[in-house]
Protein chains: 2
Amino acid sequence: MTARIKRAPLSRDRVLESALALADAEGLQAVTMRRLGDELGVEAMSLYYHLPGKDGLLDGLVDTLAGQIEYEIEHAVASRAGGNSDTALTAEQDWRAVLRRRCLAARRVMVRHPWGPGLLASRKAVPFSVYLLFEGTLATMVRGGLSYHLGHQALHALGSMVLGFAQEIFSPAQAAGDVDPDAADAEFEAVATALPYLAAMVAVEMHDNDDPVLGWCDSQTEFEFTLDLLLDGLERKRLTGS
Amino acid sequence: MTARIKRAPLSRDRVLESALALADAEGLQAVTMRRLGDELGVEAMSLYYHLPGKDGLLDGLVDTLAGQIEYEIEHAVASRAGGNSDTALTAEQDWRAVLRRRCLAARRVMVRHPWGPGLLASRKAVPFSVYLLFEGTLATMVRGGLSYHLGHQALHALGSMVLGFAQEIFSPAQAAGDVDPDAADAEFEAVATALPYLAAMVAVEMHDNDDPVLGWCDSQTEFEFTLDLLLDGLERKRLTGS
DNA sequence: ACCTGAACACCGTTCAAGT
DNA sequence: ACCTGAACACCGTTCAAGT
């Protein structure tokens, strides 16, 4: 018997890890099934045993990024005040500081992996791991005293800033590619349990919306909202002479 | 002689037109040299006679979008006040209204061609046609009384909103792929003539910048600027109970 | 259970050749 | 001047086959 070098056996995690490293090193367009196989000393076709194909791989990468953001949020040191984060300040008392920390955490991950926004934009559906981030952000705002309506708009504004893209959020049916409306309902219920704040927001916004021209999530409204928020802010800065 | 159907001869414009229609109909990923050839009744290789390759095609598409935005800005009817646009209001007097019109015009084009932001994000360099749009926006702000510094930050904020992406703007050397620094200087000068406000902004910002850690265009600063603008605006809305 | 080889239907691009 | 055919080096994916 020839003594062969026994590589560590392949696994979903090992493939994702390698894909992440490859994307960091050479960009997302270098992440190719064949190239990834090379990197792992394996034929491209072997990857299909561990992952459901290229789209599955990319979704896995998104989940990895979302996980890193979650980790950063947890372990973030308040960059401004400089005090330790175990003070009595809670989300209720200072939602702005919490939100700021969340956004900066997300941004840190995106800066570390500059292909992140592009990857996000390429996914047809918002992966669940990203919905979890939205949920946390919305929870922060609602507990801080913002209405669901305002929270919804803010979600668009901050999301498009942090992720570098703006698209219709939270249309679970489209996301799952369901055809059967019953299946969509069942799924919605399951999702709603995991994402109570987002579910409440959908309920409120759908109720308020009397003219569902572009769907309940009329992003033209969100766009103008953010635009005016920025223009008003700029005018204020102009008056103080920045 | 068999009577052949003589198709209209190919041209850069006809190819771009067809590419735009194809992207609208089936998405950007359907825009393929071979597919585009089919659409035009021609072999894929023929396209290379009229365009310098796929990247050239995509750059051409960006220019087309930029042109549409320019047209929309020119022909926009003020959507809010409802009055005609031939009033005495000039940029100097109401920079916010002008800026609003510009952003909404750009957005209308992006909504018409939803693959626009993705296409923009895919380009390694910001095409000149897009710089022209930035120039007009910056000019509006500076003439309206904003400092170049504030205008710079606003360009990032509005650009990332409208185009759905955030990246380092205005690094002409990288954009042109130059290696020779003399060539870069010459090009800079040529560009500066066409884009006086952007050129002035670069001059001001470079002078002010004493710690060029991340290049003069430190987008972390821009990010936090926009973030705080939004957070402050949200807090104000919260207090008035939206 | 895990991986491979051959095959299929696609890409962008080159280059010599046709008219 | 304008277009084509053949060829090259790539894609993702399937599926039967190996160990």
Side-chain angles (χ1 to χ4, degrees), chain A residues 1-20 22-23 25-62 115 118-119 121-125 127 177, chain B residues 1-20 22-23 25-62 115 118-119 121-125 127 177:
Chain A
M1 269 206 235
T2 12
R4 293 203 193 153
I5 295 154
K6 221 181 200 169
R7 338 176 223 78
L10 232 48
S11 72
R12 200 188 108 99
D13 280 354
R14 252 173 52 79
V15 174
L16 285 177
E17 197 183 327
S18 187
L20 191 106
L22 187 53
E26 304 185 30
L28 200 58
Q29 87 287 353
V31 179
T32 245
M33 298 302 269
R34 291 171 132 101
R35 176 69 197 279
L36 202 50
D38 280 359
E39 220 71 23
L40 290 158
V42 107
E43 296 298 315
M45 303 78 197
S46 309
L47 303 177
Y48 285 80
Y49 187 82
H50 302 277
L51 285 160
K54 176 108 191 238
D55 271 324
L57 176 84
L58 295 181
D59 283 337
L61 274 183
V62 172
W115 41 269
L119 173 64
S122 79
R123 308 292 70 212
K124 338 214 85 163
Chain B
M1 268 207 234
T2 11
R4 293 209 192 148
I5 296 155
K6 222 183 200 168
R7 335 175 225 82
L10 230 46
S11 70
R12 199 188 110 100
D13 280 354
R14 250 172 55 78
V15 174
L16 285 177
E17 196 183 328
S18 186
L20 192 106
L22 188 53
E26 303 184 31
L28 200 59
Q29 87 288 349
V31 179
T32 246
M33 297 304 268
R34 292 171 131 101
R35 177 69 198 280
L36 203 50
D38 280 359
E39 221 72 23
L40 289 159
V42 107
E43 296 299 314
M45 303 76 195
S46 309
L47 303 177
Y48 286 80
Y49 187 82
H50 302 276
L51 285 160
K54 176 105 191 240
D55 271 324
L57 177 84
L58 296 181
D59 283 337
L61 274 182
V62 172
W115 42 268
L119 172 64
S122 80
R123 309 289 71 210
K124 338 215 86 166

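Below, chains carry the letters A, B, ... as their sequence lines are ordered, and counting in each starts from 1.
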Starting at [atom1] of [X] and ending at [atom2] of [N], how long is that distance when rounded to a whole Å?
X: R14(A); N: dC3(C); atom1: CZ; atom2: C1'; value: 14 Å
X: E43(A); N: dG18(D); atom1: CD; atom2: C1'; value: 13 Å
X: L28(B); N: dC11(C); atom1: CG; atom2: P; value: 14 Å
X: L40(A); N: dT4(C); atom1: CG; atom2: C1'; value: 15 Å
X: R12(B); N: dC3(D); atom1: CZ; atom2: P; value: 16 Å
X: L47(B); N: dC2(D); atom1: CG; atom2: P; value: 14 Å
X: L51(B); N: dA1(D); atom1: CG; atom2: P; value: 18 Å

Partner lookup for dT14(D), please. Criteria are Watson-Crick or G-U wobble with both distances under 3.5 angstrom; report none if nothing qualifies.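 dA6(C) is the nucleotide pairing with dT14(D).
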Practice prompt. Report the base-pairing partner of dT19(C) (Watson-Crick or G-U wobble, both distances below 3.5 angstrom), or none.
Written response: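 Per the H-bond distance test, dA1(D).
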Just how far is it from atom [atom1] of [X] to atom [atom2] of [Y], taken to the nearest 0.5 Å?
X: E39(A); Y: E17(A); atom1: CD; atom2: CD; value: 12.5 Å
X: S122(B); Y: L28(B); atom1: OG; atom2: CG; value: 6.5 Å
X: D38(B); Y: E43(B); atom1: CG; atom2: CD; value: 8.0 Å

Taking only N and O in the side chain of [X], is any of them less than 4.0 Å away from OP1 or OP2 of [N]?
X: Y49(B); N: dC2(D); result: yes
X: H50(B); N: dC3(D); result: yes
X: T32(A); N: dG12(D); result: yes

Does any part of the side chain of [Y], heavy atoms only, come nearer than 4.5 Å to the side chain of [X], both counted from C-beta?
X: R14(A); Y: H50(A); result: no
X: L10(A); Y: V42(A); result: yes
X: D55(B); Y: R123(B); result: yes

Distances under 3.5 Å between nitrogen or oxygen atoms of protein and nucleotides 13-16 of chain D:
from    : atom 1 : to     : atom 2 : distance (Å)
dT13(D) : OP2    : Y48(A) : OH     : 2.9
dT13(D) : OP2    : K54(A) : N      : 2.8
dT13(D) : O5'    : Y48(A) : OH     : 3.3

Note to self: Please pick, from dC11(D), dC3(C), dC3(D), the nucleotide with the shortest atom-to-atom distance to any side-chain atom of V42(B).
What the structure shows: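 From the listed options, dC3(D) comes nearest.
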Please determine, for the side chain of S46(A), which listed nucleotide (dC3(C), dC11(C), dC11(D)) has the closest atom?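 Closest of the options to the side chain of S46(A): dC3(C).
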- Could you tell me which non-hydrogen atom of T32(B) sits nearest to which non-hydrogen atom of K54(B), and how far apart they are?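 Of all heavy-atom pairs spanning T32(B) and K54(B), the closest is CA-NZ, 4.4 Å.
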